[in-house]
Engineer: 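Quick one: this structure, given as structure tokens, is what I'll be asking you about.
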Amino acid sequence: MRNVRQPEMMSGLALSPDGQTMAFSYQYYGLDKERHTRTIGFYDFASEKFSLFETPKNQGWSKPSYSWDGTKLVFTISQVTEKGLHWDKKKFAIMDLSDFSYEIITPDWGMRFWPTFSPDAKRILYKKPAEIRNRGKTRYKHWDIWEMDIGGEERTQLTFYKYYQLGNCFYLPDGEKIIFSGLYPLSINSEESDAFYNKYWDNMIFIIDRLNVPDALDLEPFIEIESYHKNYKFSKLVGITKHEEILYKAITNGIDKKQGLDPGKKGFNYDLFIKQRDGKNNRLTMMKSYIADAAISLDGSRVIFQDDKDRNRILSYWSINSDGTDLFEIKLPQQQKEWQSLKPKNLQAIDQGIASPERD
């Protein structure tokens, strides 16, 4: 979420497979220049303790994602210069959570985003734009899904849809099918575009076979949602469980109004839903707010999310059981000393002459 009005924030939320630990990207916008401004942290639900990794000031760590067995973490390393974070230069790294040692698996820089593990932890799924836009509100365009082996050598472009926006992408438990959400495939012409939107509208969560990818017009929506608003806002995939339960978010203003509930008057509300294995769509939240980010544990026990309830760009963080019970707010520590400091075992330099294996 852009233009936040608070000195620090969490984003890129992830849950350990058992739902007992939250990993997140941490950003600090305050005046204390000695604080680690872009790094990865953890929150332990049992102890209610927060921790942050110490990283070089010229490295930004973000977008953590757990392996299916919970022993590893894949994340993104970006260059940080005096001008700030270099959005177009990123590497992927994998950390062993038993000792916090890690290995950079993409020696070269690239525009790569949101890495996730395959169930056997032998492959990484990620999304990648083909171009940087020269104007407009969105920086990148022509998004597609890519895959690489853990060694980072073999990289394959799986889709060729050239999406305007591409949401989260995950492997399903068999490791061969992929679920994702995408908006506006620019690979189709104007006539096909009309046919595409007449067919899908807001139902833009799809499952594909990674080795047999259909054309855009042959995609089948995975979740049927009644469209109360014909606009560019779409149902967006958030996460999956090992039981193939699907967590997604969708606009709920029309749903609430139809049921006689007050949806509020501050723009579109997004809420979380879980599609069960029996095909039922169960609504999980009723926040009357914009839910920006969320995650579900692989065992399906816990959901975490980030929202902007008062529409003032002040973010709140929440945990809820997947059955809708035990909703509570996760509050960031008020003082820096309340954060536990974590040190990677083998802090690595990055090239371009701006990194050092030692801390400044």
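Computation of the quantities below employed the complete heavy-atom set of this structure, encompassing side-chain atoms and omitting hydrogens, waters and symmetry-equivalent molecules.
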Engineer: Can any side-chain N or O of Ser322 pair as donor or acceptor with the backbone N or O of Gly300 at less than 3.5 Å?
Structural biologist: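 Yes, because the side chain of Ser322 sits within donor-acceptor range (under 3.5 Å) of the backbone of Gly300.
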Engineer: I'd like to check the side chain to side chain donor-acceptor pair (under 3.5 Å) partners of Asn321; sequence neighbours left out, ordered by chain and number.
Structural biologist: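 Asn321 satisfies side chain to side chain donor-acceptor pair (under 3.5 Å) with Thr325 once adjacent residues are dropped.
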Engineer: Checking Tyr171 now: which residues fulfil side chain to side chain donor-acceptor pair (under 3.5 Å) with it, not counting sequence neighbours?
Structural biologist: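 If we apply the side chain to side chain donor-acceptor pair (under 3.5 Å) test to Tyr171, skipping adjacent residues, the hits are Glu147.
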Engineer: Sequence neighbours excluded, which residues qualify as salt bridge (Lys or Arg N to Asp or Glu O under 4.0 Å) partners of Arg277?
Structural biologist: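 Scan of Arg277 (salt bridge (Lys or Arg N to Asp or Glu O under 4.0 Å), adjacent residues dropped) gives none.
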Engineer: Give the minimum heavy-atom separation between Pro129 and Lys141, together with the two atoms involved.
Structural biologist: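 Looking at all heavy atoms of both residues, the closest pair is CB-O, 3.6 Å.
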Engineer: I'd like to check the side-chain contact (heavy atoms from CB on, under 4.5 Å) partners of Ser101; sequence neighbours left out, ordered by chain and number.
Structural biologist: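 Asp96, Asp99, Lys345, Asn346.
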Engineer: List for me each residue that meets side chain to side chain donor-acceptor pair (under 3.5 Å) alongside Ser301, sequence neighbours excluded, and say none if there are none.
Structural biologist: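 Partners of Ser301 under the side chain to side chain donor-acceptor pair (under 3.5 Å) test: Ser297, Asp299.
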Engineer: Holding to side-chain contact (heavy atoms from CB on, under 4.5 Å), I want the full list of residues that pass it with Glu103, two or more places apart in sequence or in another chain.
Structural biologist: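 Result, side-chain contact (heavy atoms from CB on, under 4.5 Å) vs Glu103: none returned.
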Engineer: Once side chain to side chain donor-acceptor pair (under 3.5 Å) is applied, do any residues pair with Ser319, and if so which ones, sequence neighbours excluded?
Structural biologist: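 Per chain and number, Ser319 pairs via side chain to side chain donor-acceptor pair (under 3.5 Å) with Arg302.
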Engineer: Could you list the residues that satisfy salt bridge (Lys or Arg N to Asp or Glu O under 4.0 Å) with Lys72, not counting sequence neighbours?
Structural biologist: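 By the salt bridge (Lys or Arg N to Asp or Glu O under 4.0 Å) rule, Lys72 matches no residue at all.
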Engineer: Please list, chain by chain and in numerical order, all residues satisfying salt bridge (Lys or Arg N to Asp or Glu O under 4.0 Å) with Asp271, sequence neighbours excluded.
Structural biologist: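 Salt bridge (Lys or Arg N to Asp or Glu O under 4.0 Å) check on Asp271 returns Arg283.
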Engineer: Please identify each residue that fulfils salt bridge (Lys or Arg N to Asp or Glu O under 4.0 Å) with Lys177, with sequence neighbours left out.
Structural biologist: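 Lys177 satisfies salt bridge (Lys or Arg N to Asp or Glu O under 4.0 Å) with Asp174 once adjacent residues are dropped.
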Engineer: Name all residues meeting the side-chain contact (heavy atoms from CB on, under 4.5 Å) criterion together with Leu272; count only those two or more places apart in sequence or in a different chain, and write none if there are none.
Structural biologist: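 Here the qualifying residues are Val238, Leu247, Lys249, Leu284, Thr285, Ile291, Ala294, Val303, Phe305.
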Engineer: Suppose we screen for side-chain contact (heavy atoms from CB on, under 4.5 Å). Which residues come up paired with Glu329, at least two apart in sequence or across chains?
Structural biologist: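 Ser316, Trp318, Lys331.
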